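What follows is a single structure, written as structure tokens, with notes after it.
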Amino acid sequence: MNKNFKGLKIAIIAGQGAEGCGVQRIGTELDNYCNSHNMQSEFYSYYTGKKYSRQNAHGTKINFFSPKDIPDLVEKLNKYDLVVFTSYPHNKIEHSAIKAFYYDLFCKLTKPIKAVYNLEIMKMNIDKIGYLGLLVNGADIVFHYGLDTWFSKTVDKLGMKKIGDRLHRFHLWMDFSELDVIKKQYPLEKKQLGLVSVTRWSSLKNIGRTIEIQNHLLKLNPNWFCQVHGVERSIGAKFDIIDRPDVTYVNPSGKRDGNGAVEVYGPIARAKGLELMGKYLYSSSFFSLPKTPWDYGNRMEYSQIENAYLGIPLFDTHWGQNNKNKEGKNFYDIPYSAIYSNGKDCKEVAEKLIELSKQPEELKKYEECSTLLSKNEYDCNIVIPEALELILSKGKQDNVLSDYEFNKKIVNEEFANEILKLEKENKIPVLGIDEYEKKIVYYLDGHKQKLVKKINDKVDKKKTENEKVHINNKAKSLF
């Protein structure tokens with residue numbers, strides 16, 4: 001470890017609260033690593049009125065704060081070396097809380113290096129982050145999952161931050177020591193026959209595919225263990241998973257809804273989920289982005305890393321064909337990296353799982369490859385020091401533009417004036433990356449965006465035409 005890290009004081013701030021998902025895992029892993037390597041780290045979660053059912057899933061030691069706590073927190077964190085922001089208030093929370101987070105917290109942290117991690121994937125969710133454009137401007141360094149993503153390419157194109165300078169790819173990190181204990185407890189030859197999925201509901205995770213494969217497995221062999229854990233009772237999950245006729249949803253109270261062959265459970269503590277993945281032969285995570293493959297960022301999700309390290313993983317074919325390892329090879333093209341499914345082959349996949357379970361030598365090849373692959377890619381003992389080294393080498397950014405000058409530079413003076421006018425009227429301007437790119441002025445009316453105006457380039461076009469005339473006249477004078 002770099003000796004310069006010793007005594008480093010780091011704060012991790014989740015501005016959207018402790019959601020119990022991968023974003024919280026990222027902060028938790030960083031927090032744990034720093035505190036176990038002679039650094040001082042604290043995890044903070046902005047409490048904005050909503051408590052998430054999964055917030056305790058990762059065992060994170062969380063310091064909650066609200067808008068009224070911000071002045072004291074700023075005084076404390078201005079004595080720190082680095083503040084890492086992992087999430088931000090979105091446009092559905094109280095407007096005063098959005099303003100407080102940006103103006104009273106972010107802007108007043110003047111001493112520490114500010115690292116802004118955009119850990120959203122979908123453009124729709126990125127655009128919901130309050131003051132995102134200004135957060136990018138005020139950050140000393142910005143990270144996103146990939147440099148070919150819409151976010152990274154647009155931020156670079158607009159000149160907000162330049163790729164390779166203060167805009168970099170974020171590489172997931174994980175401490176595998178907890179998983180090593182489980183691997184030792186459940187070696188390959190002692191694993192029980194079954195397919196499990198430990199996740200949370202999202203349409204991107206294709207949980208229904210796991211359920212289809214599990215149903216085929218149970219028809220072929222009723223003794224196989226087939227369960228899904230982590231599906232909360234959200235509206236999306238209800239229509240996609242819970243109401244399926246082939247599912248029995250087991251509530252925390254023990255009440256069973258439905259009469260399907262596959263049991264689906266609600267949120268689960270990470271430690272229990274890891275044990276399930278380790279205990280049974282197969283585990284699945286069918287995360288995919290078929291419509292926006294450029295937003296993958298050449299990475300696994302945390303559930304995929306855990307699947308790959310603890311057992312024989314099942315992954316999505318499209319994901320495997322559109323994500324590369326460090327050496328630049330598609331995961332799909334690496335023999336024995338995983339068992340892949342495109343969603344139209346569930347019966348065939350189930351048959352393959354049963355046949356493979358009878359071939360210990362082949363299983364060993366899958367286990368060795370997937371274990372090595374996940375460790376080589378995401379070991380926190382390699383990835384976190386590299387990230388800290390990069391952040392510290394960049395240091396504080398000089399000559400950060402004021403909000404007004406930034407808005408004027410990225411769009412034009414008219415845009416900057418319109419935003420300033422909204423702020424003076426105590427309205428929340430919508431300043432996602434999309435608004436800068438399309439030159440549109442919106443403000444929040446409740447949870448909805450209200451259009452003020454579309455900024456046109458008439459002045460700029462007129463200037464361009466005048467320049468063209470001048471050039472033409474100068475050219476004519478040469479003859």
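Quick caveat, the model's predicted, so the values are computed rather than measured.
- Side chain of S152 to backbone of G146: a donor-acceptor contact under 3.5 angstrom is found.
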Next item on the list: Determine, stepwise, if the pair D295 / W150 fulfils side chain to side chain donor-acceptor pair (under 3.5 Å).
Entry: CA-CA 7 Å; D295 283 331; W150 169 84; over 6 Å; no
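- Side chains of Q227 and H229: a donor on one and an acceptor on the other come within 3.5 Å.
- Between Y117 and F143, the ring planes are parallel. Angles under 30° get that label, and only those over 60° would be called perpendicular.
- A donor-acceptor distance shorter than 3.5 angstrom exists from the side chain of K161 to the backbone of N137, with no hydrogens or angles considered.
- Contact check for N330 versus N322: no side-chain heavy atoms found under the 4.5 Å cut-off.
- Proximity of a side-chain donor or acceptor of S87 to a complementary backbone N or O of G15 within less than 3.5 Å is detected.
- Between R299 and E377 there is no salt bridge, since no side-chain N of the basic residue sits under 4.0 Å from a carboxylate O of the acidic one.
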Next item on the list: For I440 and V430, run side-chain contact (heavy atoms from CB on, under 4.5 Å): C-alpha distance rounded to whole Å, both residues' side-chain angles, the deciding distance at 0.1 Å, then the answer.
Entry: CA-CA 9 Å; I440 303 176; V430 179; over 6 Å; no
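- Residues E275 and K272 are not paired through a salt bridge, judged by the lack of any N-O separation under 4.0 Å between the basic side chain and the carboxylate.
- K394 and D140 are not joined by a salt bridge, as no carboxylate oxygen comes within less than 4.0 angstrom of a charged side-chain nitrogen.
- Under the 4.0 Å criterion applied to side-chain N and carboxylate O atoms, D127 and K123 are assigned as salt-bridge partners.
- Salt bridge present: E29 and R25 bring a charged side-chain N and a carboxylate O closer than 4.0 Å.
- Partner of M39 under the side chain to side chain contact (heavy atoms under 4.5 Å, CB included) criterion, out of L82, L8, L30: L8 alone.
- Using a 4.0 Å cut-off between a side-chain N of Lys or Arg and a carboxylate O of Asp or Glu, K76 and E42 qualify as a salt bridge.
- No side-chain N or O of N342 forms a donor-acceptor pair with one of T317 less than 3.5 Å apart.
- At least one side-chain heavy atom of I207 sits less than 4.5 Å from a side-chain heavy atom of W201.
- Of the N and O atoms on the side chains of Y296 and H318, at least one donor lies less than 3.5 Å from an acceptor on the other residue.
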Item checked: From CA spacing to verdict: side chain to side chain donor-acceptor pair (under 3.5 Å), S303, T199 -> CA-CA 7 Å; S303 58; T199 183; 5.0 Å; no
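- The pair D316-R209 counts as a salt bridge, with a side-chain nitrogen and a carboxylate oxygen less than 4.0 angstrom apart.
- Few gaps surround NZ on K326; more than 12 heavy atoms of other groups in view lie less than 6.0 Å from it.
- A salt bridge between K364 and E367 is present, with a side-chain N of the basic residue lying under 4.0 Å from a carboxylate O of the acidic one.
- A cation-pi arrangement is absent between K114 and F85 under the rule of less than 6.0 angstrom and at most 45 degrees off the ring axis.
- Between the side chain of N251 and the backbone N or O of K255, at least one donor-acceptor pair lies under 3.5 Å.
- Residues Q185 and K279 fail the side-chain proximity criterion, which asks for heavy atoms closer than 4.5 Å.
- At least one donor-acceptor pair closer than 3.5 Å links the side chain of N35 to the backbone N or O of D31.
- The closest donor-acceptor contact from the side chain of Y145 to the backbone of F170 lies at 3.5 Å or more, if one exists at all.
- S197 and K205 are not linked by any side-chain donor-acceptor pair at a separation below 3.5 angstrom, with hydrogens and angles left out of the test.
- A 6.0 Å sphere centred on NZ of K375 holds more than 12 heavy atoms belonging to other residues, nucleotides or ligands.
- Panel note: side chain T371, backbone E368; no donor-acceptor pair is recorded below 3.5 Å.
- The closest side-chain heavy-atom distance from I113 to V83 is not below 4.5 Å.
- Taking the six-membered ring for Trp and thresholds of 30 and 60 degrees, H171 and Y378 have nearly parallel ring planes, at less than 30 degrees apart.
- Contact annotation: the side chain of Y44 never approaches that of I62 to less than 4.5 Å [non-hydrogen atoms, C-beta and beyond].
- Judged by distance alone, with hydrogens and angles left aside, the side-chain atoms of D243 form no donor-acceptor pair with the main-chain N or O of F239 at under 3.5 Å.
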Next item on the list: Just do the side chain to side chain donor-acceptor pair (under 3.5 Å) check on Y302 and Q304 with the steps written out, would you?
Entry: CA-CA 5 Å; Y302 271 118; Q304 290 177 291; over 6 Å; no
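- A salt bridge does not link K329 to D333: none of the charged side-chain nitrogens sits closer than 4.0 Å to a carboxylate oxygen.
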Mind listing the side-chain donor-acceptor pairs of residues 286-293 below 3.5 Å, one per line with the distance, residues two or more places apart or on another chain?
{"from": "S288", "atom 1": "OG", "to": "N206", "atom 2": "ND2", "distance (Å)": "3.0"}

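- Here the side chain of K183 pairs no donor or acceptor atom with the backbone of L310 at under 3.5 angstrom.
- Contact check on R233 versus D257 returns a salt bridge, with a Lys/Arg side-chain nitrogen under 4.0 Å from an Asp/Glu carboxylate oxygen.
- Checked for salt-bridge contact, E120 and K128 miss the test: no charged N lies under 4.0 Å from a carboxylate O.
- No side-chain donor from either of S177 and D180 sits under 3.5 Å from a side-chain acceptor of the other.
- Looking only at distances, no side-chain donor or acceptor of Y80 sits under 3.5 Å from a matching main-chain atom of Q40.
- Residues passing the salt bridge (Lys or Arg N to Asp or Glu O under 4.0 Å) test with D81: none are found, sequence neighbours excluded.
- The aromatic rings of W224 and Y282 lie parallel to each other, their planes meeting at an angle below 30°, with 60° marking the opposite boundary.
- Taking the charged nitrogens against the carboxylate oxygens, E212 and K347 have no contact shorter than 4.0 Å, which rules out a salt bridge.
- Taking the six-membered ring for Trp and the full ring otherwise, the centers of Y332 and W319 sit at least 6.0 Å from each other.
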